[in-house]
Amino acid sequence: MIYPIVKYGQPVLEQQAKDITDFGTPELEQLVEDMFQSMYAAKGVGLAAPQIGIGKQIAVIDISTGEDPAQKLVLINPEIVAVEGTQTGEEGCLSLPSFREPVTRGKKVTVRAFDQHGKPWEMTGEDLLARAFLHETDHLKGTLYISHISPLKRDLIRRKIRKLQKADEWS
Ligand SMILES: [Zn+2]
């Protein structure tokens, strides 16, 4: 099923997600599949479980946006183990639609995680993939990309969102 994306303002987006302890269950398989479907439907390159209202340590990434199955990544209980260099580029988030801001992140990032069957894996990504690793693991800690921009810009975005909420255009 395709889940609706939870937008900024919902508490689940700013809470620490819980570790997964049961791997290889039909429920987990289904959730991972649904997360890919929901991500593709929303035209994202990454999606974390809190963004569909589930406070669990699962994220999916596919920087090929469905073009190349080999690039589908399932990150369960992920941990960033190395960050090298920096890159600055525009970043957005499905939970903050229509906003984009430049964010400085690591250029080369190594993540360690489990897949849905409980198999551990580790990968080093660069550029967009490095950014996705950081953005999605942040989500699982309850951190949004706007935490990495200036307080001034963050307040501006919050004010615009409050206006949209009042106009019932943000839910
Ligand atoms: Zn996001």
Side-chain angles (χ1 to χ4, degrees), residues 1-20 31-67 71-80 83 86-113 116 123 125-151 153-162 164-165 169-171:
M1 76 174 267
I2 292 171
Y3 284 88
I5 307 291
V6 168
K7 287 189 190 152
Y8 176 70
Q10 299 289 319
V12 68
L13 289 175
E14 293 177 275
Q15 289 162 356
Q16 168 74 39
K18 292 196 169 62
D19 277 356
I20 294 289
L31 179 56
V32 165
E33 185 49 36
D34 289 346
M35 284 179 66
F36 275 111
Q37 292 313 319
S38 305
M39 177 180 75
Y40 294 138
K43 301 196 185 320
V45 295
L47 183 73
Q51 294 184 277
I52 54 166
I54 296 173
K56 292 183 182 169
Q57 293 269 340
I58 311 176
V60 294
I61 291 175
D62 179 1
I63 60 166
S64 84
T65 59
E67 293 296 311
Q71 295 194 41
K72 289 171 80 172
L73 297 172
V74 178
L75 294 81
I76 297 183
N77 305 342
E79 211 186 320
I80 300 294
V83 180
T86 60
Q87 57 170 324
T88 301
E90 291 244 310
E91 198 165 314
C93 178
L94 294 175
S95 296
L96 287 137
S98 80
F99 295 100
R100 291 185 78 77
E101 288 294 334
V103 180
T104 300
R105 299 272 198 186
K107 167 117 179 118
K108 202 171 161 187
V109 172
T110 304
V111 70
R112 199 177 286 161
Q116 62 271 46
M123 188 188 276
E126 285 186 59
D127 303 319
L128 179 59
L129 187 55
R131 185 177 289 282
F133 285 162
L134 294 168
H135 183 111
E136 299 311 327
T137 48
D138 262 4
H139 266 304
L140 303 180
K141 290 184 244 164
T143 303
L144 298 165
Y145 83 90
I146 54 169
S147 298
H148 301 295
I149 65 176
S150 75
K153 281 186 178 168
R154 189 160 56 239
D155 283 348
L156 193 66
I157 289 178
R158 283 195 182 132
R159 242 179 292 145
K160 284 182 183 162
I161 290 173
R162 237 170 281 143
L164 290 168
Q165 284 168 329
E169 286 164 15
W170 188 273
S171 59

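Whatever order the structure lists ligands and atoms in, that order sets their numbers, starting from 1.
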Open item on the list: Tell me if a side-chain donor or acceptor on Thr137 pairs with a main-chain N or O of Phe133 at a distance below 3.5 Å.
Closed with: yes

Task: Result of checking Ile80, Leu75, Val74 against Pro78 for side chain to side chain contact (heavy atoms under 4.5 Å, CB included) - done: Leu75

- [ ] Mark yes or no for whether Ser38, through its side chain, and Asp34, through its backbone, hold a donor-acceptor pair below 3.5 Å.
- [x] yes

Task: Six-ring centre of Phe99, Lys160 cation under 6.0 angstrom, axis tolerance 45° - done: no

Task: Residue and atom, protein N/O/S, under 2.8 Å of the Zn ion (ligand 1) - done: Cys93 SG, His135 NE2, His139 NE2

Open item on the list: Less than 4.5 Å apart, side chain to side chain, heavy atoms only: is that true for Gln87 and Arg131?
Closed with: yes

- [ ] Assess the side chains of Thr104 and Thr88: does a donor N or O sit below 3.5 Å from an acceptor N or O?
- [x] yes

